[in-house]
Amino acid sequence: MTIAPATPAASTAPADEVRVRFCPSPTGTPHVGMVRTALFNWAHARHHGGRLIFRIEDTDAARDSEESYHQLLEAMRWLGIDWDEGVEVGGPDGPYRQSQRGEIYQDVIEKLRASGHIYESFSTAEEIVQRHEAAGRDPQLGYDGYDRDLTDEQKAAFRAEGREPTWRMRMPEEDLTFTDLVRGEITFKAGSTPDFVVVRANGKPLYTLVNPIDDALMRITHVLRGEDILSSTPRQIALYRALIEVGVAERVPEFGHLPYVMGEGSKKLSKRDPQADLFLYREQGFIPEGMVNYLALLGWGFSADEDIFSRAQLIERFDASDVNPNPARVDLKKATAINADHIRRLPEAELAERLLPYLQSGGVLGEEITEEQRALVAAATPLVQTRMNLLGEAPDLMGFLFVADEDLVVQDDALKKLGDDPVAVLDRAITEIGAVPEAAFAAPALEEALRAAIIEEMGIKPRLAFGPLRSAISGRRISPPLFESMELLGKASSLTRLRSLRDRLAVQG
RNA sequence: GCCCCCAUCGUCUAGAGGCCCAGGACACCGGCCUUUCACGCCGGCGACACGGGUUCGAAUCCCGUUGGGGGUACCA
């Protein structure tokens with residue numbers, strides 16, 4: 001028995017450790033489909049006690065941007081998708097931005113050249129098509145392998161013409177089969193995948209090469225990615241085999257291709273689509289808990305009869321092999337309903353805190369929030385918690401509590417259907433409320449007094465009895481509960497508002 | 001053209017041969033509760049794309065058709 005060679009530090013992890021990665025390109029704003037991919041990778045890692053590696057694939061200088069990179073980080077942090085190795089946090093296999101890994105790739109490229117897995121190709125796209133046509137083949141067939149076995153003289157001749165070659169992968173001439181975690185066994189027929197370019201003429205490697213290299217070097221065990229790259233899997237498997245041969249990779253990882261996320265109709269959610277923009281959801285008042293829940297439902301089901309679940313429950317149950325292969329459509333109504341459920345699950349104090357930025361952007365609160373305002377938001381939160389689907393609805397729902405009495409706008413809508421004699425109702429309410437001592441100015445006492453006077457004594461139906469009061473207090477036909485609202489407003493303010501509407505109606509009337 | 005993926009209520013899905021004349025959620029429609037609106041509760045509407053097999057038995061397995069989608073780049 002021989003002594004095993006010392007294992008490199010990076011390989012001290014258990015051999016069966018699940019290692020997954022999320023490796024977006026920093027182009028544009030975070031897209032829900034992309035975020036869903038991140039979420040599933042994260043959930044898979046956490047469920048299996050594995051690690052999530054966050055890598056950035058910025059090999060396309062023309063499209064990548066630093067702004068987009070920062071948005072990616074922000075999206076992950078907002079949703080609480082944390083990673084164990086990668087950008088910002090580091091790890092044993094860095095750097096984690098492909099733009100900084102040039103030397104690593106050159107080294108691997110050299111090995112692939114030496115082993116003959118990749119070869120120089122001088123053909124132009126036009127020449128390839130011409131050759132197909134000349135031979136009576138379908139011109140759309142793709143690269144024909146023309147340069148596979150060029151002699152040194154031929155290469156020299158092309159160079160003499162001033163041509164710079166790309167490097168192509170020599171694809172094996174055999175069926176390529178793998179077992180997809182979500183789709184089962186998939187076979188690509190021999191010959192259906194032409195030799196593809198792995199290194200540009202300018203020497204820069206392409207995604208198709210660099211992605212498997214990094215996955216190999218980072219010892220990724222499960223690749224969970226979008227269905228859109230399903231058809232590049234045979235290329236990557238061929239590359240993995242080559243990488244194993246040259247000693248760069250240890251294994252071919254397992255693949256799982258997650259279903260598309262579609263918009264309305266059956267179109268793939270485009271980057272331009274507002275439904276695709278994660279931050280737009282946040283702006284409207286989706287909370288991370290709701291967003292994570294909804295996103296997870298895009299291609300996966302928590303259980304046969306429950307749709308609402310927490311992050312912890314997601315981790316507990318998620319497994320990539322349970323993902324449904326059908327494309328999923330974004331349903332804003334359902335997303336909103338799920339978000340509403342999560343809002344209701346929030347502790348009141350927590351919700352109150354999260355409401356603040358929305359009240360600020362909605363103009364209800366200024367940049368500086370006073371202690372009184374904070375306290376009022378906290379006190380009003382239970383009144384709106386079941387009345388909100390999105391946090392962005394808060395300004396509309398709660399605004400009346402924060403405006404000065406003289407600035408309260410009574411909407412037209414709230415002036416209709418107030419009964420036969422709203423002035424009398426308001427007068428009576430003013431009297432009753434005026435009689436409630438400051439110290440006892442609370443919802444139960446107010447309700448008791450107003451019911452006794454207006455409903456019982458005056459004989460007016462509850463709907464018509466409280467309608468005018470609601471309009472006076474909130475300016476709305478629909479509002480949070482009336483008595484609680486009065487309590488929050490206080491006696492003076494409540495009376496002022498009641499008198500104001502009474503006077504207005506008396507003049508008109 | 002060639003290659004690959006997908007196919008259950010309007011939408012997301014449960015369903016891995018009998019438990020399914022198909023369950024849940026959202027939406028929609030009724031009702032209850034009720035100071036408005038919500039919440040909550042109760043009920044209703046509503047689907048296995050089609051055609052062949054295999055089997056005692058198929059939403060579930062196989063084949064085909066049709067319909068969607070993707071790839072076929074010196075993008076990722």
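The chains referred to below are lettered A, B, ... by the order of the sequence lines, with proteins before strands, and numbering in each begins at 1.
- Across all strands, A:T59 comes closer than 4.0 Å only to sugar-phosphate atoms, never to a base (heavy-atom distances).
- Nucleotides B:G44 and B:A49, compared at atom C1', are 26 Å apart to the nearest Å.
- Within 4.0 Å (heavy atoms only), A:Y207 reaches at least one base atom of the nucleic acid.
- Pairing of B:U60, defined by two Watson-Crick or G-U wobble distances under 3.5 Å, is not identified with any nucleotide.
- When the P atom is used for both B:U65 and B:U55, the distance is 23 Å, rounded to whole Å.
- Among the protein residues, A:R235 comes within range of the nucleic acid bases, having at least one heavy atom under 4.0 Å from a base atom.
- One can place CG of A:N293 at 17 Å from P of B:C12, the figure rounded to the nearest angstrom.
- With hydrogens and angles left out, the side chain of A:K334 and the base of B:A27 share no donor-acceptor pair within 3.5 Å.
- Distance check on atom C1': B:C41 versus B:C33 gives 8 Å, rounded to whole Å.
- A:E227 has its CD atom 18 Å from the P atom of B:C3, to the nearest Å.
- Searching all strands for a Watson-Crick or G-U wobble partner of B:A49 with both distances below 3.5 Å returns B:U65.
- Residues A:H257 and A:T233 have side chains that bring a donor and an acceptor to within less than 3.5 angstrom of each other.
- Looking at A:S479 and A:R470, their side chains do bring a donor and an acceptor atom within 3.5 Å of each other.
- Counting any heavy atom pair closer than 4.0 Å across all strands shown, A:D60 reaches sugar-phosphate atoms only and no base atom.
- Remark: C1' of B:C4 and NE2 of A:H257 are 11 Å apart, rounded to the nearest angstrom.
- Base-pair partner of B:C41: B:G31 (Watson-Crick or G-U wobble, both distances under 3.5 Å).
- The distance from atom CE of A:M388 to atom C1' of B:G40 is 17 Å, rounded to the nearest whole Å.
- Between B:C4 and A:T187, no contact under 4.0 Å exists linking OP1 or OP2 to a side-chain N or O.
- Applying the 4.0 Å criterion to OP1 and OP2 of B:C5, one finds that A:R183 has every side-chain N and O outside that range.
- Counting any heavy atom pair closer than 4.0 Å across all strands shown, A:D305 reaches sugar-phosphate atoms only and no base atom.
- When each of A:Y143 and A:P481 is assigned the nucleotide of RNA chain B bearing its nearest heavy atom, the one mapping closer to the 5' terminus is A:P481.
- A:R463 comes within 4.0 angstrom of sugar-phosphate atoms only, judged by non-hydrogen atoms across all strands, and of no base.
- In this structure, the CG atom of A:L258 is 16 Å from the P atom of B:C5, given to the nearest Å.
- Between the side chains of A:D195 and A:Y119, a donor-acceptor pair is found at a separation under 3.5 Å.
- Under 4.0 angstrom from either OP1 or OP2 of B:A7 there lies at least one side-chain N or O belonging to A:N326.
- Remark: P of B:G70 and CG of A:D180 are 18 Å apart, rounded to the nearest angstrom.
- No engagement by A:F196 is indicated, since no non-hydrogen atom pair under 4.0 Å with the nucleic acid exists.
- Taken to the nearest 0.5 Å, the CZ atom of A:F309 stands 9.5 Å off from the CZ atom of A:R317.
- A distance of about 29 Å separates the C1' atoms of B:U66 and B:A27, rounded to the whole Å.
- If you check every strand for non-hydrogen atoms under 4.0 Å, A:R344 touches sugar and phosphate atoms only.
- Atom CD1 of A:I229 is separated from atom CG of A:N211 by 7.0 Å, given to the nearest 0.5 angstrom.
- Across the P atoms, B:C62 and B:U54 are found 15 Å apart, a figure rounded to whole Å.
- Inspection of the A:S121 and A:R168 side chains reveals an N or O donor paired with an N or O acceptor under 3.5 Å.
- Residue-level contact check: A:A328 touches the backbone only, with heavy atoms under 4.0 Å from sugar-phosphate atoms and none from bases.
- B:A58 sits 14 Å from B:G51 when the P atoms are compared, rounded to a whole Å.
- Side chain to side chain, A:R131 and A:S123 meet the donor-acceptor criterion of an N or O pair below 3.5 Å.
- For B:U11, the base has no donor-acceptor partner in the side chain of A:R329 [N/O atoms by modelled type, under 3.5 angstrom].
- Remark: A:R200 is not in phosphate contact with B:A73, judged by side-chain N or O atoms under 4.0 Å from OP1 or OP2.
- Atom pair A:N324:CG and B:G15:P shows a separation of 9 Å (rounding to whole Å applied).
- Annotation: B:A73 and B:G67 have their C1' atoms spaced 29 Å apart (nearest Å).
- B:U36 makes up no base pair with any nucleotide shown, lacking Watson-Crick or G-U wobble contacts both under 3.5 Å.
- Remark: B:A22 base-pairs with no nucleotide; criterion is Watson-Crick or G-U wobble with both hydrogen-bond distances under 3.5 Å.
- In this structure, the CG atom of A:D322 is 12 Å from the P atom of B:A16, given to the nearest Å.
- Searching all strands for a Watson-Crick or G-U wobble partner of B:C2 with both distances below 3.5 Å returns B:G71.
- A:E484 comes within 4.0 angstrom of a nucleotide base, judged by non-hydrogen atoms across all strands.
- For A:K333, no side-chain nitrogen or oxygen approaches OP1 or OP2 of B:C26 to under 4.0 Å.
- Between the side chains of A:D214 and A:Y96, not a single donor N or O lies within less than 3.5 Å of an accepting N or O.
- Nucleotides B:G31 and B:G18 have their C1' atoms positioned 38 Å apart, rounded to a whole Å.
- Judged by closest nucleotide on RNA chain B, A:Q140 is the one of A:Q140 and A:P325 placed further toward the 5' end.
- Remark: the A:D58 side chain and the A:S99 side chain contain an N/O donor-acceptor pair separated by less than 3.5 Å.
- Among the atoms of the strands shown, base atoms are found under 4.0 Å from some heavy atom of A:T386.
- No contact: A:G467 has no heavy atom under 4.0 Å from any strand.
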